[in-house]
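Residue numbers begin at 1 in each chain, while the letters A, B, ... track the order of the sequences. Computed from a prediction, not measured in an experiment: that's the story for all the values here.
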Number of protein chains: 2
Amino acid sequence: MADVAKLAGVSSQTVSRVSNGHESVIPATRDQVLAAMRQLGYRPNSAARALRYGRFNTIGVILFSLASTGNSRTVEAIATHAAAEGYAITLIPVDVPTQDNVLGAFTRMGELAVDAVIVIMEIHLLDAATVTLPPGVYVVVVDSDAGDRYSVVDTDQADGARQAVHHLLGLGHETVWHVSGPETSFASQRRAQAWRSTLEAAGRPVPEPLTGDWSARSGYAAGLSLADEPGCTAVFVANDQMALGLLRAFHERGRAIPDEVSVVGFDDIPDSAYFPTPLTTVRQDFAEVGRRCVQRVLTQIREGQAAQPGTDLVPTQLLIRDSTATAPPVAETIAARKPKRR
Amino acid sequence: MADVAKLAGVSSQTVSRVSNGHESVIPATRDQVLAAMRQLGYRPNSAARALRYGRFNTIGVILFSLASTGNSRTVEAIATHAAAEGYAITLIPVDVPTQDNVLGAFTRMGELAVDAVIVIMEIHLLDAATVTLPPGVYVVVVDSDAGDRYSVVDTDQADGARQAVHHLLGLGHETVWHVSGPETSFASQRRAQAWRSTLEAAGRPVPEPLTGDWSARSGYAAGLSLADEPGCTAVFVANDQMALGLLRAFHERGRAIPDEVSVVGFDDIPDSAYFPTPLTTVRQDFAEVGRRCVQRVLTQIREGQAAQPGTDLVPTQLLIRDSTATAPPVAETIAARKPKRR
DNA sequence: AGACGTAGCACGGTCATTGAC
DNA sequence: TGTCAATGACCGTGCTACGTC
């Protein structure tokens, strides 16, 4: 900075005023300073600034994986909105979700230059780690049921599942099968719970759910099982990728979609409209989730105090495409299917 | 720090010694200090540290979008490897790839607390922005042909495309059609060039390529066109998502895969093994790309000087699944197809 | 001599104060 | 009165140099 001041023939004071947009600098002087900055390739040292102001203008994001569409789209939205507010995003990946690694991430986070943290993970792994969270760092959690302790933003998983099941029951299906995500996922749990309670509320039988791991591979495996299940005419799959695998399994086993079996997914990934059968699915608004996370975090930073615990639910929307149709007559279903088995 | 010192009954000197792992501290004292740190939730101020050391232990990543599988997987690998080396990742998203926005990203980057930058984008937009890159910040570029000016890491796009075309020609296909990505993408350009030159080297006719935008939607549109193309028995699609759309278009038009038409994709996204026809595709090792980026960046930081310009190519691998097969006899192709048109 | 305290400086920028033109 | 120079305190940490027991 002293160099810039010397080159511009002013004091370092004036350089500081210029770089912070202070008003009481005459335009001619300002231009001179700016020219000197450009010439010397000067950039204000953000560490010094942060040290002075006590803020880093950075938000940390802790997550397990960017591999899922949901996470990467949420992170993108967070990064975009944070950037618009002058905040940068620091990613802290936790590759294997063990207690130790999560603790490590928080410890590292504690040493990092962040003003707040957005956590995208299952909250039960967060529990034990909580104590090590440095005070004064604000937290917003995504994909969690910890609304009683944290500020939580999430998709309204339950309502999405409810819409899916209602849609299928409304088409005349006796009941709805379910392929869930992994048991460790709260999103998966909430979708499964809502599926179950909606069926129970309608007085329908509740079939044993199948468990997948979000991957197309696991959806394919589930599909092979369900194709042999008598009376299965409707399936609610907990995400679109598993639905892709399931569609293929049903196709291989000669089960026509949607004529014999209706399928509903979850997420609305861009590809789902181009699955072999365009998929009826529950749309998640990841961008909105990201936006609200940033908004909540910034509110806390600006007000200087933690937000009230509570859950902010982003609505979902059922997109009806071609993978769902009126239920076939019961007798026909079982009779028609049997001969088709290898 | 003074608080910790007071609580532990030592001087701030000793606290500093403990937190930096200095040797001449007796274990008993060290434990006392550590206990005080835990009790007070003390974390060393990284701004002050950065100010002292002149390093931030942070790498910036500039990118357009996390939406594509490739980008998000590369970023994840970067974040993981950087974390293993004690570096954090700061994301700088550029939502709309205009010259202005890229310039803005670099300006912001200049003010950010980063020691180096990894740029994931088409390099021609980088050209004009280059001048504003602050000196002393090291750069590694992904997905670019700027190996003459920058340190570049990239998938060996050309070899991947060559493998795909050779595979199809080896199956007896007269020639290979191509659905490319957007013209603005260098990855797309290189795949298309290699496709063309491989055909030319083999003395085969080069059909007019179709242009998509990486989306399944655009692949579907291209598929509808190609289904009407006489003599089209083999298609090399520039990514898997477009291949998904293309498969559906071909299916709708009654073109059997792989019996009538063979299809090869690019990327090997996890879903591609569960497409309606399991896709033969060129596997990209995104994790390795990310790893090498971090390695290159850290080498520069540690040696304190920019790397020699040059391109580091990560090999690809052709995965043969079920979407490719021996070419049908020429006469049969055209004859068999015609009646199937609506 | 080993373990630890005290003091002072440096890192780079911001801001308040004082005073000059 | 407005614009700017000069000076020094300050942010939190790390390190050197010395001192003490």
How close do Ala47(A) and Ala50(B) get, heavy atom to heavy atom, and via which atoms?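 Ala47(A) and Ala50(B) have their closest heavy atoms at CB-CB, 3.7 Å.
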Write down the atom of Ile92(B), the atom of Thr90(B), and the distance for their closest heavy-atom approach.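 Taking Ile92(B) first and Thr90(B) second, the nearest heavy atoms are CD1-O, 3.5 Å.
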Do any side-chain nitrogens or oxygens of Tyr53(A) fall under 4.0 Å of OP1 or OP2 in dC15(C)?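 The answer is yes; a side-chain N or O of Tyr53(A) sits under 4.0 Å from OP1 or OP2.
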Rounded distance in Å - [atom1] ([X]) to [atom2] ([N]):
| X | N | atom1 | atom2 | answer |
| --- | --- | --- | --- | --- |
| Leu51(A) | dC15(C) | CG | P | 13 Å |
| Asn20(A) | dA16(C) | CG | P | 12 Å |
| Asn57(A) | dT14(C) | CG | C1' | 15 Å |
| Leu40(A) | dG12(C) | CG | P | 15 Å |
| Arg49(B) | dG12(C) | CZ | P | 18 Å |
| Phe56(B) | dG13(C) | CZ | C1' | 12 Å |
| Met1(B) | dC11(D) | CE | C1' | 13 Å |

Inter- and intrachain pairs under side chain to side chain donor-acceptor pair (under 3.5 Å), touching residues 287-302 of chain A, at least two apart: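 Passing the test, one end in residues 287-302 of chain A: Glu85(A)-Arg302(A), Ser151(A)-Arg296(A), Glu288(A)-Arg291(A), Glu288(A)-Arg292(A), Arg291(A)-Gln295(A), Arg292(A)-Asp312(A).
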Under the rule for salt bridge (Lys or Arg N to Asp or Glu O under 4.0 Å), what residues qualify as partners of Arg190(A), not counting sequence neighbours?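 Salt bridge (Lys or Arg N to Asp or Glu O under 4.0 Å) list for Arg190(A), sorted by chain: Asp143(A), Asp154(A).
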Reading nucleotides 1-9 of chain D 5' to 3', which nucleotides get B (base under 4.0 Å from a protein heavy atom), which S (sugar-phosphate only), which -? --SBSBB--
Which of the following nucleotides, dC15(D), dT13(D), dC11(D), is nearest to the side chain of Asn45(B)?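 For the Asn45(B) side chain, the nearest candidate turns out to be dT13(D).
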Kindly compute the distance separating OG (Ser65(B)) from CH2 (Trp214(B)), expressed to the nearest 0.5 Å.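 So the gap between those two atoms works out to 12.5 Å.
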Tell me whether Ser46(A) contacts the main-chain N or O of Arg49(A) through its side chain, where contact means a donor paired with an acceptor under 3.5 Å.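 It does not hold such a pair.
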